[in-house]
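Numbered from 1 within each chain, the chains take letters A, B, ... in sequence-line order.
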Amino acid sequence: MTSYKSDFLRLLDQRGQIHQISDAVALDALAVEGPVTAYIGYDLTAPSLHVGHMANIMMLRRLQHTGHKPIVLMGGGTTKIGDPSFRNEQRPLLDDARIKANKETIKSVFKQFMSFGDGAADAIMVDNAEWLDRLEYVPFLREIGRHFSVNRMLSFDSVKSRLEQEQPFSFLEFNYMILQAYDFLELKRRYDCRLQMGGSDQWGNIINGIELGRRVDGAQLFALTCPLITTASGAKMGKTAGGAVWLNADMASPYVFWQYWRNTEDEDVVRFLKLFTDLPLIEIERLAALQGSEINEAKKVLATEATAIVHGRAAAEEAEATARKTFEEGALADTLPTVEIDTEALRNGVGVLTAFSELTGLVASNGEARRQAKGGGLRVNDRQVTDERATLTAADLTPEGVIKLSLGRKKHVLIRPRAG
RNA sequence: GGAGGGGUGCCCGAGUGGUUAAAGGGGACGGACUGUAAAUCCGUUGGCUUAGCCUACGUUGGUUCGAAUCCAACCCCCUCCA
């Protein structure tokens with residue numbers, strides 16, 4: 001299935017985002033016929049989505065770009081259950097307040113990826129708590145539950161390892177896939193939503209929704225999954241030292257985000273350019289031809305383009321400039337992440353270890369700072385820290401009025417005396 | 001409710017009375033080499049006011065000069081039986 005007729009599937013295909021489609025021919029035809037409404041659901045388990053979610057969100061973006069209507073489904077209801085798919089243990093249950101707070105902070109990021117509104121191709125956002133919270137147990141079981149075969153549910157890959165490893169698998173979690181299936185039905189009824197997309201790990205859950213739609217409403221619904229995106233070395237996307245690379249600016253600055261992409265492995269650059277930017281394929285082909293250290297040019301383009309989508313063009317370019325000054329010109333970029341300090345405190349002298357740990361958070365503890373110093377990993381104003389008892393004072397301020405702390409070659413934070 | 005098995009550091013996993021802040025592996029971080037890449041090699045990987053002290057092997061209490069290791073009770077998980 002390589003030649004799709006619809007712009008939508010062709011685009012996703014070119015971008016390497018199609019893993020499985022439930023009925024590719026029919027979906028392709030549907031998308032040619034007219035606007036299709038499709039959704040992706042997001043769990044509200046953290047205050048922000050992270051890089052690992054970005055490929056998914058790009059699918060919704062591309063859906064809209066090709067004239068269709070995206071629905072962002074906030075999992076306000078399903079997050080109360082917790083998706084057991086491919087997990088070997090139950091995750092801790094989040095309380096309602098936490099979920100609500102997460103929803104508020106997660107919401108904002110989608111506006112960067114697509115336009116919301118009341119128009120035909122405008123994206124909309126709904127929360128499945130709206131209908132799930134109101135379900136009545138017995139009626140739900142009779143209307144919906146009877147269509148699910150436990151035998152079948154137990155056969156899904158997504159729960160197989162859980163069962164084989166004999167790990168606890170609660171009835172609560174077992175219901176997740178039923179609720180997700182019901183979401184699909186509900187969205188089909190409310191918005192004529194015909195397609196559910198997601199990561200390849202969602203295939204089983206989505207198929208359940210399709211079958212439910214057929215059995216209950218006689219509707220043909222579709223599934224489309226994106227391959228699980230890992231790095232060439234097999235790591236999941238978005239994991240770094242400090243944890244996940246978040247999409248919310250207050251949890252990962254545009255600079256940090258830019259750096260994440262800048263450090264992409266050579267093998268991944270072309271694939272990532274396709275997935276995480278809107279750059280035309282012709283341009284990507286040009287970048288793909290680069291060899292050796294020239295590949296760094298492609299990485300910069302990737303970083304700037306991906307950052308521009310999430311944080312805006314201006315922030316992306318500033319991040320690029322910051323990186324250029326810091327890494328290529330060896331200059332001091334005053335746009336590096338900055339921590340303020342009391343002038344008073346600086347006058348009294350701040351221990352280097354404290355500066356690296358408590359003050360800037362470059363390392364987790366004084367002990368780690370000590371170890372890093374021993375291993376040559378700490379630098380102040382680009383000079384290695386050899387004496388762990390040293391203190392930082394006003395005398396260490398550069399002509400620019402800051403002190404630059406570095407952990408390794410890549411992580412830099414500026415300390416700036418608080419004005420006034 | 002009964003019988004048996006199990007709960008160790010970020011994860012996996014060894015350890016069955018002392019030299020154990022706990023082997024080994026993974027991951028992570030740092031260093032070298034490079035191209036802010038990968039691979040490779042080296043180092044580090046509980047906290048602190050670091051020749052010392054504190055906290056730590058499900059929880060609490062006990063035995064002992066000394067416990068992750070022995071005992072008791074409790075909590076949780078798994079399997080089989082009811």
Provide the distance between the two [atom1] atoms, one in [N] and one in [M], to the nearest whole Å.
N	M	atom1	result
B:rC57	B:rG46	P	15 Å
B:rU69	B:rA21	P	15 Å
B:rC70	B:rC76	P	23 Å
B:rU79	B:rG27	P	31 Å
B:rG31	B:rA23	P	25 Å
B:rA67	B:rC71	P	15 Å
B:rA28	B:rC11	P	15 Å
B:rU59	B:rU49	P	27 Å

Rounded to the Å, how far apart are [X] [atom1] and [N] [atom2]?
X	N	atom1	atom2	value
A:Glu297	B:rU36	CD	P	11 Å
A:His412	B:rU36	NE2	C1'	8 Å
A:Leu353	B:rG47	CG	P	12 Å
A:Glu388	B:rU44	CD	P	16 Å
A:Trp261	B:rA37	CH2	C1'	15 Å
A:Ile295	B:rG35	CD1	P	13 Å
A:Arg262	B:rA38	CZ	C1'	13 Å
A:Lys300	B:rU36	NZ	P	9 Å

**OP:** Show your working on side-chain hydrogen bond (donor to acceptor under 3.5 Å, both in side chains) between A:Gln202 and A:Gln196 and close with a plain yes or no.
**Re:** CA-CA 10 Å; A:Gln202 291 298 307; A:Gln196 181 181 173; over 6 Å; no
Original post:
So, does the side chain of A:Gln259 form a donor-acceptor pair with the base of B:rU36 at under 3.5 Å?
Top reply: yes
Is there a side-chain contact between [X] and the phosphate of [N], meaning an N or O under 4.0 Å from OP1 or OP2?
X	N	answer
A:Arg370	B:rU49	yes
A:Arg409	B:rC29	no
A:Arg379	B:rG30	no
A:Lys410	B:rC29	no
A:Asn366	B:rU49	yes
A:Ser365	B:rC48	yes
A:Thr264	B:rA37	no

Taking any heavy-atom pair under 4.0 Å as a contact, classify [X]: base, sugar-phosphate, or nothing.
X	result
A:Arg371	sugar-phosphate
A:Glu328	nothing
A:Ala323	base
A:Lys374	nothing
A:Trp258	base

Original post:
Do A:Leu12 and A:Tyr4 have side-chain heavy atoms sitting under 4.5 Å apart?
Top reply: no
**OP:** State, with a plain yes or no, whether a side-chain heavy atom of A:Phe174 is found less than 4.5 Å away from one of A:Leu154.
**Re:** yes
Subject >> Matching residue for A:Glu305 among A:Arg313, A:Lys274, A:Lys299, A:Arg262 - test: salt bridge (charged side-chain N to carboxylate O under 4.0 Å, His left out) >> reply: A:Arg313
Write down the partner of [N] under the Watson-Crick or G-U wobble criteria, each distance required to be under 3.5 Å.
N	answer
B:rA39	none
B:rU44	B:rA28
B:rA73	B:rU59
B:rG17	none
B:rG1	B:rC81
B:rU50	none

Subject >> From CA spacing to verdict: salt bridge (charged side-chain N to carboxylate O under 4.0 Å, His left out), A:Asp13, A:Arg10 >> reply: CA-CA 5 Å; A:Asp13 187 38; A:Arg10 204 177 324 116; over 6 Å; no
Subject >> Heavy atoms from other residues, nucleotides or ligands near CD of A:Glu267 exceed 12 (cutoff 6.0 Å) >> reply: no
**OP:** With side-chain contact (heavy atoms from CB on, under 4.5 Å) as the test, would you mind laying out the steps for A:Leu132 and A:Leu135 before giving the verdict?
**Re:** CA-CA 5 Å; A:Leu132 295 183; A:Leu135 290 178; 3.9 Å; yes
**OP:** Evaluate the criterion ring-ring contact (aromatic ring centres under 6.0 Å, His included) for residue pair A:Phe327 and A:His412; output intermediate values, then yes/no.
**Re:** CA-CA 11 Å; A:Phe327 292 100; A:His412 311 280; 5.6 Å; yes
Subject >> 5' precedence on RNA chain B between A:Asn296 and A:Gly376 (nearest-nucleotide basis) >> reply: A:Gly376
Subject >> Earlier contact from the 5' end, RNA chain B, for A:Glu267 and A:Gly367 >> reply: A:Glu267
Original post:
For the side chain of A:Phe327, counting heavy atoms from C-beta on, which of B:rA37, B:rC29, B:rU36 is nearest?
Top reply: B:rU36
